[in-house]
Amino acid sequence: MSTQDDKAKEVSADGAAGPIILFFILGLAASLVFGWIIFPKLLYSQKKQPIDFNHVLHVEAVEEGCESCHFFRKDGSFSGIPKLEQCVDCHEEAQGEDPNEIKFVEEYVANGREVPWLVYARQPDCVFFSHAAHVKKGEMDCGTCHGHIGESEHSRVYEENRITGYSRDIWGKNISGLKKHTWERMKMDDCAECHTTKEIKTDVETLPWPINWLPRPYEKQTGNQARVKTVKEACFVCHK
Amino acid sequence: MKIGRRSFLSFVIGGAAGTAITPLPWKLMDDSSIWSQNWPWTPVPPDGEYSQSNSVCTLCPGGCGITVRKVDDRVVKIEGMKGHPVNDGGLCLMGLSGLQLLYGPTRVKTPLKRVGKRGEGKWEKISWDEAISEVAKKLADIRSNGGSHTVGSIVDSENGTVPNLFKRFLTTYGSPNFMTMPSIQDSYAMTLQVMQGVSAQVGFDAENADFILSFGSGIIDGWGSPVRMFKANSAWKANGKKVVQIEPRLSNTAAKSDKWIPINPGTEAALALGLANIIISNSLDSKKISQSTGFDSFKKLVQNEYGTDKVSKITGINSATIVSLAKNFARASKPLAICGKGQGSIPGSLNEFMAVHALNALVGNINKEGGVWAVTDTEYINWPKPEMDSIAENGMQKERIDGAGSEYPHTKSLLNRLVEVINSGDGSLEALFVSGANPLYSMPGSKAIKNAFDNIPFIVSFSSYMDETASNADLILPNHVYLERYEDVPTPAGLSKPIVGLTRPVVKPQFNTKHVGDVVMLIAKALGGGIADAFSWESYEACLKETLGVKWDILVEKGFEFNGDKCILEGDFNFYPDAMKSLSDFSPVSIEGSAISYPLLLIPYDTIRLANGYIGDPPFAIKTVEDTVLKGKNSCVEINPKTGKELGLTEGRYASLLTPRGKAKVKVHLYEGIMPGIVALPRGLGHTAYDNYLAGKGCNFNELIGSTEDPVSGLDEAWGIRARLTKV
């Protein structure tokens, strides 16, 4: 049964619907702006590399491409970012007038101090990654994960996540986590993308000595790609 | 326009809805989980250069290959070495926790000299020069007083260069008392000696066997070379091979086997002979073997004395089970019977070993694929015989204090008898060296051992850790730990292919320690004369390099090396050696205590999570022990619910466990997997030394039991003691 009071309420509700929707839209818009534009700016701090490095110049000067400086050691491990020891071969003295070159020689080479490079692709310690397995065995290009870094003339700004301390390159430039190219993100899902879809390459290794529990003539499957997908210790291939 | 409560709420709702379609919540969720892994107190290795080195783990006699991962000079992870013939990439809990033994708080950091009373824990730091001259002076005094034969040493095993340096030292000094820690290897070696006439180590081609009959061996509880046995067990499971476990308690091994047969403790030999009887009576034995020496006497023995009904009565296993077990075992194409209980740290009854070995011989698997092999150990140590002066000659003529080799002709060392000899006043030692062993904790009857040690005026420990024996020593000359030193590792326990491995330093010594091999040489050099001449090497490393010769380079590169193919010893099989005559009238393994005052039988059990040898559980490992094994500060005893009902004991109650040797406060765990009338207690707990992570947790089984001498071998055979359990 409707009364006078109810009618009055209905009227006032109708009257307030406009501002309510407006405020809803305002809130929605503000949060979208915050979430998509302001939040990423707040989340990452911007850091400059100690020396502005020109990859193009170096790639032109060396003979073996990326591997001239980012080489594999004798034991198969990957050297990563070159140490001063390798740079000194050419940069004992400043070459040319570039202020970065002069800074590098005066501050680091002369004092024997390693350059504290900020590593864009640094993964947490719990991640074990073998470059040899991917580059040598899997015959992947450096660019598949690292992009066209060899074509850069200046060092990019290093963006550090204020919460985790890791580089923005791991999550990817796009705050939504979406990517267009394989090198735009380096999270575990991105590893899994290849490891779940690509065909497994299995090698059979004949061991040089007898291991009793293996069927003769002592052959066993090798290749971590197979292990990552199939065996029960799969997690420990990467998480040592 | 009025901004009221409603407007505000709708702004908030709009904001919430909007936020949900921005990356913010999802990104923050991810970041905060990563943030939580990076809290400053979470141990994370520093950034640096990664490297790996291969070595061999020496924490147990398993001899697994390890790959050590380092960041700059810091070890961050130990993994099993891929392709190693023992463990092929696998590693046990202890091996994984090795880092804590390198960096942990329990290490002895510098030579220490006791200043307070023994065991009081008051030490003075001294220099290495002082320490060595102190030992040398003491030894010179003893020697000049004609007491050279009263110096002894206890080491972990008799193989390898370090034990041989000790042996060489004692020989040139003039003492026959080179003693080793006992294990089932001793019993197996003696079995091979008396039944095959060969001086060899036992090897099991376990991986190729297809029916495994285990008389209480803890296949996945740390028996033999633990990781290798784990792998073998997995391979059996994967390939449908059968495992039958015979023991009074449902151990992990029993639980994972195809059939668990509970047996009255100490009657395993009777079962083995009963099985032999059925095999012979049904003509299931290998025809070739029946030509062997003593076969007819053996046949007579088992047929007259080990009839199925009688065996059933002795062992408590029903006749049908025994018959079907015998038939299944004999009909398998590659059957293998193994013995040595738990982790194999107590030698056990020789009768049992001989009976099991005879069973293997009956089915024709001696030195066959999937069988038991008699293998010679790596004989790479060919040092020139040392010159001995007259004191040394005289000293070496004296009888050993433990009676090994004379009273018990086939034994090389009887550490269990040493204790009795000293405590009864029949003999004495003036000085004792202990290296790679912790007898005060890990030998049965640890109270009696403590008494015996109290009667030895000068004890030197070479332990890297402040263990029970070290804390009761007069002088501690700390050795490098295995990740800091070179050492050869001879064939691991039970491996059928002799290999030698190389442990090598992966990091610089962390403290002021010295390699035990170097210390022995320095002491010898300080003593001078013929003793010094016997150690012409510059250092232990030089000695090892020279000893290994051409093998050195291979070992450095690969980590291990096979010892050629001519390693299997045939010998002549004798089914009925003299030592077996006592079996003509079966009596179970003797158990101390009267059944009237102690109605229950206490047996120990081993688990892979508890180390009970020289090295105690590191913190990582002790954390994995279940609360049905260790609850708070108390060990749990397992009893059958029936026994619990009779004694009025319920789950989780405190009880007092009393044996003729000692007493302990324990918690009760009711367990269907144990025979009524038996109490089981885990070994590896109850340390009084080491760090706070280990000391004071649970009770030490060895304090509750004494050693029982095997009448045939003189070795310790005790696997149980009478006990009483009462409410507290």
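Scope of the values below: all heavy atoms of this structure, side chains included, with no hydrogens, waters or symmetry mates.
Options Phe78(A), Phe39(A), Phe34(A) differ in how many heavy-atom pairs under 4.5 Å they form with chain B, and the most are formed by Phe39(A). Here Asp31(B) is the residue among Val71(B), Asp31(B), Ile34(B) with the most heavy-atom pairs under 4.5 Å with chain A.
Taking the six-membered ring where the residue is Trp, the centroids of Trp223(B) and Phe204(B) are separated by under 6.0 Å. Aromatic pair Phe560(B)/His84(B): centroids less than 6.0 angstrom apart.
For a residue to count as touching a neighbouring chain, one of its non-hydrogen atoms must lie under 4.5 Å from one of that chain's; by this rule Tyr166(A) touches chain B with the side chain only. Contact of Tyr50(B) with chain A is made through backbone and side chain together, with heavy-atom distances under 4.5 Å. Heavy atoms closer than 4.5 Å to chain B are found nowhere in Ile25(A), neither backbone nor side chain.
One side chain, Gln49(A) or Tyr120(A), offers a donor N or O that lies under 3.5 Å from an acceptor on the other.
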Worksheet item: Yes or no on side chain to side chain contact (heavy atoms under 4.5 Å, CB included) for Arg69(B) and Phe128(A), after CA distance, side-chain angles and deciding distance?
Response: CA-CA 11 Å; Arg69(B) 204 149 72 89; Phe128(A) 179 84; 3.8 Å; yes

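Between the OG atom of Ser7(B) and the CD1 atom of Ile20(A) there is a distance of 6.0 Å, given to the nearest 0.5 Å.
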